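These notes are about the structure you will find just below.
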Amino acid sequence: MAKVELKNVSKIYMGGHKAVDNVSFNIDDKEFVVLVGPSGCGKTTTLRMIAGLEELSDGEIFIDGKPVKNVPPKDRNIAMVFQNYALYPHMTVYENMAFGLKIRKFPKNEIKKMVEETAEILELEKLLNRKPKVLSGGQRQRVALGRAIVRKPKVFLFDEPLSNLDAKLRVQMRAEISKLHRKLGATMIYVTHDQREAMTMGDRIVVMKDGIIRQIDKPLRLYRFPKDQFVAGFIGSPAMNFIKGKMVFENGLPALRASGGFLYRFDERLKEKLSKYINENAALGIRPENIALNGSSEQSYKAEIELIEPLGAESLYYLNLFGDKLIAKAQPLNDDLKYETVGITFPKEKVHLFVNEKAVSLK
Amino acid sequence: MIDASNKYGITKAVALFLSPALSAIFIFFFLPVFAALAMSFTDFGLYSLADWRYTRFVGFDNYVKLFNDPLFWQALKNTFYFVLVAGPLSVAVSLFAAISLNSKFAKFKSFFRLAFFLPVVTTLVAVAIVFRFVYHPHFGLLNYLLGFFGISPIDWLGDPDWAMPAIILMAVWKNFGYNMIIFTAGLQNIPSQLYEAAEIEGANAWRKFYQITLPLLTPTTLFIGVITLIGFFQLFAEPYIMTQGGPLNSTLSIVQYMYREGFRWWNMGYSAALAFVLFAVIFLGTLIQLKLKGKDE
């Protein structure tokens with residue numbers, strides 16, 4: 001019903017700063033797409049251009065196949081939920097939700113019906129006569145959601161809607177928005193800087209940095225097959241460990257050598273593939289949850305435990321490996337494990353290699 | 001626990017520390033006000049200045065005389081005319097200026113803000129003299145401009161019907177910059193997301209103005225309304241310099257009448273009574289305004 005397409009969209013601010021640089025992607029009907037990236041990466045600007053609140057410097061945006069460059073926000077059939085809720089403080093919850101309907105000249109009894117239906121979905125019935133200032137953060141955000149869905153727009157835009165809420169409420173609202181998406185079957189575009197929100201909510205995730213799209217993929221594929229070092233480090237918590245070094249030949253085999261003395265040997269079968277990278281800057285990536293502790297095979301390294309953070313189900317081990325700092329996440333099986341030296345192993349199939357920040361497949 | 005003696009000690013210390021400020025406030029604020037109030041019940045005049053024992057207590061005579069004084073009613077009428085026309089006009093003009101200069105399309109914002117604020121800091125006497133030239137029936141700029149539209153010259157300050165509008169025009173011109181700055185601060189406090197949300201919902205510029213800007217500016221408008229009201233009820237310098245209250249007392253304001261009675265004819269008691277009537281009027285006006293706005297909340 002509502003597809004959104006971005007074709008070579010750029011936003012250049014006065015003074016030449018490129019906030020969004022030649023961005024293209026498609027969002028399918030009923031899809032939940034999350035734009036994620038660190039602050040200043042252009043994700044919000046991209047969303048605002050889809051909304052029509054920001055003009056495009058270049059490129060075109062299509063909603064349902066129609067170019068919308070010259071279509072004002074109100075005629076794009078979209079709704080937007082803002083980070084600070086943007087509720088009208090002088091209006092009641094009911095009036096806030098009815099605002100857009102009144103402008104669109106719906107009959108009074110129909111407005112009442114629509115608002116009440118929406119209030120029921122979001123459990124706001126009892127708050128309809130209150131003003132925003134007496135509501136809690138979570139309630140305000142639900143009103144903002146209500147104001148968006150009451151008009152039944154084709155596309156929902158969310159601009160970091162949960163970042164003003166406390167951690168517990170955020171998890172709760174996250175689930176609520178996901179449920180809402182399934183219930184309404186609408187196209188949703190969601191902006192966040194929180195990779196956890198992106199992973200849990202998105203059908204697909206668009207990772208951005210410095211105005212450029214780094215990777216678009218499904219959450220788990222993004223986690224398993226990051227295209228570059230930035231994506232690898234951004235997705236997943238705690239972040240992937242990187243051991244930086246140079247590609248070298250060691251006894252005729254390709255290897256990565258770090259300045260501290262760490263050496264990782266690659267398999268014979270990768271010799272041909274990796275030989276062209278010799279002397280290039282590279283980084284070995286390993287996720288904290290993939291580091292095996294207490295290994296004693298000939299592939300294992302000696303690392304010093306500097307700190308242990310027990311989280312309950314698992315513990316975080318802060319390791320020092322030839323001067324490189326790593327974090328390992330493992331089940332606290334061994335209560336005796338104290339601040340001492342352990343053997344750690346990097347399972348071959350879990351290791352990532354990045355040469356000049358680009359991922360190199362080790363398959 | 002603080003025992004009684006200790007508590008007394010604290011009170012004494014507090015009183016001691018506050019006494020310099022309190023006595024300054026008492027001597028320079030309360031004393032003159034109460035002295036004036038007391039004076040309004042006497043016939044304090046030129047003789048009293050020579051020897052205060054000539055002063056006689058006259059009770060409410062001054063107030064009774066006041067209410068039978070046609071010139072008082074004339075001055076009151078003129079003052080109300082001024083306040084009721086210049087007040088709303090000044091608020092409207094400053095709001096319009098603030099919104100125009102707050103628009104993202106406006107260029108040279110700080111230049112215009114400065115330019116509009118300039119009259120506020122300019123000496124009124126200088127401004128009034130310039131405006132007397134502008135209003136001059138034969139050589140004035142205003143009549144010259146009106147001439148282009150085929151409007152025959154108006155004797156702005158000499159015609160009893162036009163003198164007050166001329167004064168209102170000048171007072172609004174001189175004062176709107178101040179309120180404009182306060183309105184600008186109020187406008188900048190309205191989050192831009194509210195306008196964006198409204199835009200997405202389909203609100204046009206006019207609806208955004210009266211459903212978002214105006215309601216959210218209410219506290220600012222109320223504040224500006226009250227200070228403008230208080231300031232304008234004390235109209236004095238403009239007519240004093242431009243018209244001396246004429247022609248035919250058509251621009252005589254309460255404060256000017258007060259000045260005339262007090263400092264020209266030395267009827268200090270009568271003048272003090274006038275001052276307190278004006279105080280009552282301003283007090284009532286402010287109360288009504290607060291009540292009206294309170295209803296909206």
Side-chain angles (χ1 to χ4, degrees), chain A residues 14 44 47-55 68 71-92 95-106 111 131-133 140 143-151 153-161 164, chain B residues 91 95 98-99 101-112 182-226 289-297:
Chain A
M14 267 200 284
T44 296
L47 190 79
R48 289 170 60 83
M49 285 193 287
I50 298 173
L53 296 172
E54 207 83 57
E55 276 178 39
V68 292
V71 178
K74 66 180 169 76
D75 298 326
R76 294 188 181 197
N77 208 349
I78 50 160
M80 186 154 166
V81 178
F82 294 84
Q83 177 176 353
N84 60 4
Y85 322 127
L87 298 176
Y88 310 119
H90 54 291
M91 299 184 194
T92 62
E95 288 163 337
N96 262 286
M97 286 166 63
F99 186 75
L101 300 173
K102 273 185 200 158
I103 293 174
R104 280 155 211 259
K105 304 227 158 59
F106 280 85
I111 292 178
K131 291 214 173 143
K133 69 174 173 210
R140 282 180 208 183
V143 176
L145 277 177
R147 192 175 61 182
I149 63 180
V150 73
R151 274 195 292 121
K154 284 193 212 160
V155 183
F156 286 90
L157 307 174
F158 295 91
D159 185 12
E160 309 219 12
N164 281 5
Chain B
V91 172
L95 180 61
I99 288 175
L101 286 186
N102 206 42
S103 148
K104 59 182 169 192
F105 301 113
K107 297 261 187 286
F108 310 114
K109 288 180 190 187
S110 27
F111 168 76
F112 280 108
I182 300 174
F183 268 130
T184 303
L187 283 174
Q188 285 170 352
N189 268 334
I190 302 177
S192 59
Q193 281 88 347
L194 292 187
Y195 293 106
E196 293 177 348
E199 206 173 313
I200 290 175
E201 305 234 36
N204 54 22
W206 170 244
R207 194 180 270 271
K208 277 191 268 185
F209 171 71
Y210 83 84
Q211 292 208 316
I212 297 174
T213 310
L214 269 193
L216 292 182
L217 271 185
T218 306
T220 314
T221 315
L222 179 62
F223 172 73
I224 285 175
V226 169
Q289 216 164 356
L290 288 173
K291 199 110 204 171
L292 281 178
K293 298 289 163 136
K295 248 184 214 161
D296 291 351
E297 280 298 294

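Proteins come first, then strands; the chains are lettered A, B, ... in the order of their sequence lines, and each starts at number 1. A quick note: this is a predicted structure, and the numbers were derived from the prediction, not measured.
- Using a 4.5 Å cut-off between heavy atoms, A:Arg76 makes no contact with chain B at all.
- A:Ile78 touches chain B through backbone and side chain together, each having a heavy atom under 4.5 Å away.
- When all heavy atoms are compared, the tightest approach of B:Glu199 to A:Pro73 is OE2-CG, 3.7 Å.
- A distance of 6.0 Å separates CE in A:Met91 from CD1 in B:Ile212, rounded to the nearest 0.5 Å.
- Here the straight-line distance linking atom CD of B:Glu196 with atom CD of A:Glu54 works out to 8.0 Å at 0.5 Å rounding.
- With a 4.5 angstrom heavy-atom cutoff, A:Phe82 touches chain B only via side-chain atoms.
- Within a 6.0 Å radius of CZ in B:Phe111, no more than 12 heavy atoms belonging to other residues, nucleotides or ligands are found.
- Considering all non-hydrogen atoms of both residues, A:Arg104 and B:Gly202 come closest at NH2-N, 3.8 Å.
- In this structure, CZ in A:Arg151 is found 5.0 Å from CD in B:Glu201, a value given to the nearest 0.5 Å.
- Heavy-atom distances place no part of A:Asp75 under 4.5 Å from chain B, backbone and side chain included.
- Of the listed residues A:Ala79, A:Gly52, A:Pro89, the one with more heavy-atom pairs under 4.5 angstrom with chain B than any other is A:Pro89.
- If you take CD on B:Gln211 and CZ on A:Phe99, they are separated by 4.5 Å, rounding to the nearest 0.5 Å.
- Proximity to chain B is absent for every atom of A:Leu157, based on heavy atoms less than 4.5 angstrom apart.
- Residue B:Ile200 forms a side chain to side chain contact (heavy atoms under 4.5 Å, CB included) with just one option from A:Arg147, A:Lys74, A:Met80, and that option is A:Met80.
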